[in-house]
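The structure under discussion appears below in the form of structure tokens.
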Number of protein chains: 2
Amino acid sequence: MPKMMSKPTTIEHVDLDVLEDTLSFYIRTMNIAVSRDLDARLDGCDVARGTGKITTLLLVDSHPGIRPSVIAQIIMKDRSAMGRLIEQMIEHDLLRRQTSASERRAQELYVTPKGAELAAMIRPIVTKQSKDFFSFIAEEEQAQVMDILRRAYRKMVGMTGEKR
Amino acid sequence: MPKMMSKPTTIEHVDLDVLEDTLSFYIRTMNIAVSRDLDARLDGCDVARGTGKITTLLLVDSHPGIRPSVIAQIIMKDRSAMGRLIEQMIEHDLLRRQTSASERRAQELYVTPKGAELAAMIRPIVTKQSKDFFSFIAEEEQAQVMDILRRAYRKMVGMTGEKR
DNA sequence: AAAAATAGTTGCATTTGTCCACTATTTGCC
DNA sequence: GGCAAATAGTGGACAAATGCAACTATTTTT
């Protein structure tokens with residue numbers, strides 16, 4: 001039984017039990033907040049809601065011909081979820097799909113003109129949103145956290161240090 | 001138009017465009033991974049899936065009589081979502097609810113014996129999971145990230161520095 | 001030539017989140 | 001005292017996202 005505190009009626013009297021020192025708690029919670037904020041800023045933008053659309057669009061834009069399965073790994077979705085996401089974006093005329101000539105199982109993805117335009121529009125928004133949202137953390141510390149999480153992420157998805 | 005790279009077929013050839021330097025991307029992505037891992041470890045545990053159950057259980061356990069609306073703030077859910085969460089946990093016989101004597105609009109939440117037991121069981125798991133999951137980040141850095149995120153979180157939900 | 005692996009699709013069941021309206025209670029103001 | 005506004009919680013409807021498992025097509029292994 002942990003230290004007892006009783007009937008808190010405002011958030012200021014609450015301590016978070018073991019979650020106080022649990023990194024996963026903060027990640028999970030901050031995620032909710034950032035995502036909500038981002039969605040708000042992208043309202044109506046065709047890529048609002050849910051992780052993945054933005055990443056997919058940007059990735060296809062900067063890697064023409066990239067495959068669904070590669071994106072899936074990057075955003076940690078399973079293939080079926082990825083497929084649906086792409087389907088959706090094709091319907092919105094953001095992406096185009098074609099079977100790879102060399103690997104007829106696989107597909108190559110390309111942005112449409114509309115997709116390219118949207119990518120260009122979104123890129124600065126996404127960057128700014130992240131900066132703004134975390135603005136109450138000093139720039140330095142932001143960079144620190146990002147640095148650490150970037151390394152963590154890379155290990156997790158199996159990206160090697162060298163990108164080429 | 002960003003630097004072009006073409007038809008990557010494996011994740012190692014991919015760069016993340018502007019997301020590479022976007023903290024929100026890492027938060028959102030790591031969130032997916034941590035959450036999945038956590039769910040896996042808690043499989044069948046009555047509190048698996050979705051943010052909130054764990055926090056709610058632990059919070060009620062260590063703050064007997066706490067109100068739904070306070071928890072809602074902490075986990076950033078709206079009241080209706082919170083209500084449903086609690087309903088669910090009551091059905092599972094983890095929590096008990098009673099109207100506050102002094103504030104008949106409000107409710108006080110308490111754990112049932114079963115809930116207390118589960119809380120005790122979960123506490124170490126949650127802590128360990130977080131440590132394990134982030135184990136490829138040095139302890140020191142883990143602490144650093146947590147420290148920064150904790151402050152961010154506190155500001156965000158409006159917790160003052162002093163916990164009374 | 002058969003078996004196994006890979007890429008993608010489809011259907012289904014479950015969850016979740018959000019929006020909005022509704023009740024009950026309390027507080028504040030005149 | 002009495003009315004209006006704020007607060008706590010409930011309930012319904014609806015749109016999405018998620019995960020699982022089964023299924024097709026293509027390539028690779030053996």
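Throughout, protein chains are lettered first and strands after them, A, B, ... in sequence-line order, and every chain is numbered starting at 1. No hydrogens, no waters, no symmetry mates; every other heavy atom, side chains included, goes into these values.
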How long is the line joining [atom1] of [X] and [atom2] of [N], in whole Å?
{"X": "Ile32(A)", "N": "dA17(D)", "atom1": "CD1", "atom2": "C1'", "answer": "15 Å"}
{"X": "Met82(B)", "N": "dC19(C)", "atom1": "CE", "atom2": "C1'", "answer": "19 Å"}
{"X": "Asp39(B)", "N": "dT14(C)", "atom1": "CG", "atom2": "P", "answer": "17 Å"}
{"X": "Gln88(B)", "N": "dG17(C)", "atom1": "CD", "atom2": "P", "answer": "10 Å"}
{"X": "Gln107(B)", "N": "dA24(C)", "atom1": "CD", "atom2": "P", "answer": "15 Å"}
{"X": "Ile86(A)", "N": "dA17(D)", "atom1": "CD1", "atom2": "P", "answer": "14 Å"}
{"X": "Gln73(B)", "N": "dT7(D)", "atom1": "CD", "atom2": "P", "answer": "11 Å"}
{"X": "Ile75(B)", "N": "dT18(C)", "atom1": "CD1", "atom2": "P", "answer": "12 Å"}

From the set [options], return the single nucleotide nearest to any side-chain atom of [X].
{"X": "Lys77(B)", "options": "dG8(C), dT16(C), dA17(D)", "result": "dT16(C)"}
{"X": "Arg105(B)", "options": "dT18(D), dT16(C), dA6(D)", "result": "dA6(D)"}
{"X": "Ser80(B)", "options": "dT9(C), dG9(D), dT10(D)", "result": "dT10(D)"}
{"X": "Asp78(B)", "options": "dC19(C), dA21(D), dG9(D)", "result": "dC19(C)"}

Note to self: Within the 4.0 Å heavy-atom criterion, would you say Ala106(B) contacts the bases, only the backbone, or no part of the nucleic acid?
What the structure shows: sugar-phosphate
Notebook entry, point to check: For Ser102(B), which contact category applies under a 4.0 Å heavy-atom criterion: base, sugar-phosphate, or nothing?
Noted result: sugar-phosphate
Can you tell me if [X] uses its side chain to pair, donor with acceptor, with the backbone of [Y] under 3.5 Å?
{"X": "Arg96(A)", "Y": "Leu109(A)", "answer": "no"}
{"X": "Ser62(B)", "Y": "Asp17(A)", "answer": "no"}
{"X": "Thr112(A)", "Y": "Asp93(A)", "answer": "yes"}

Note to self: Let's go through Arg123(B) and Asp61(B) carefully: what are the C-alpha distance in whole Å and the side-chain angles of both, what is the deciding distance for salt bridge (Lys or Arg N to Asp or Glu O under 4.0 Å) to 0.1 Å, and is it a yes or a no?
What the structure shows: CA-CA 11 Å; Arg123(B) 211 169 265 121; Asp61(B) 187 47; 2.6 Å; yes
Check: Between Phe25(A), Phe134(A), Phe136(A), which is the residue that forms a ring pair (Phe, Tyr, Trp, His ring centres under 6.0 Å) with Tyr153(B)?
Finding: Phe25(A)
Any N or O donor-acceptor pair linking the side chain of [X] to the base of [N] at under 3.5 Å?
{"X": "Arg84(A)", "N": "dG19(D)", "result": "yes"}
{"X": "Arg79(A)", "N": "dG8(C)", "result": "yes"}
{"X": "Arg104(A)", "N": "dT26(D)", "result": "no"}

Item checked: Given DNA chain D, 5'-ward residue of the pair Lys53(A) and Glu103(A), judged by closest heavy atom -> Lys53(A)
Note to self: Closest-nucleotide mapping onto DNA chain C: is Glu87(A) or Arg36(A) further toward the 5' terminus? I mean the 5' end.
What the structure shows: Glu87(A)
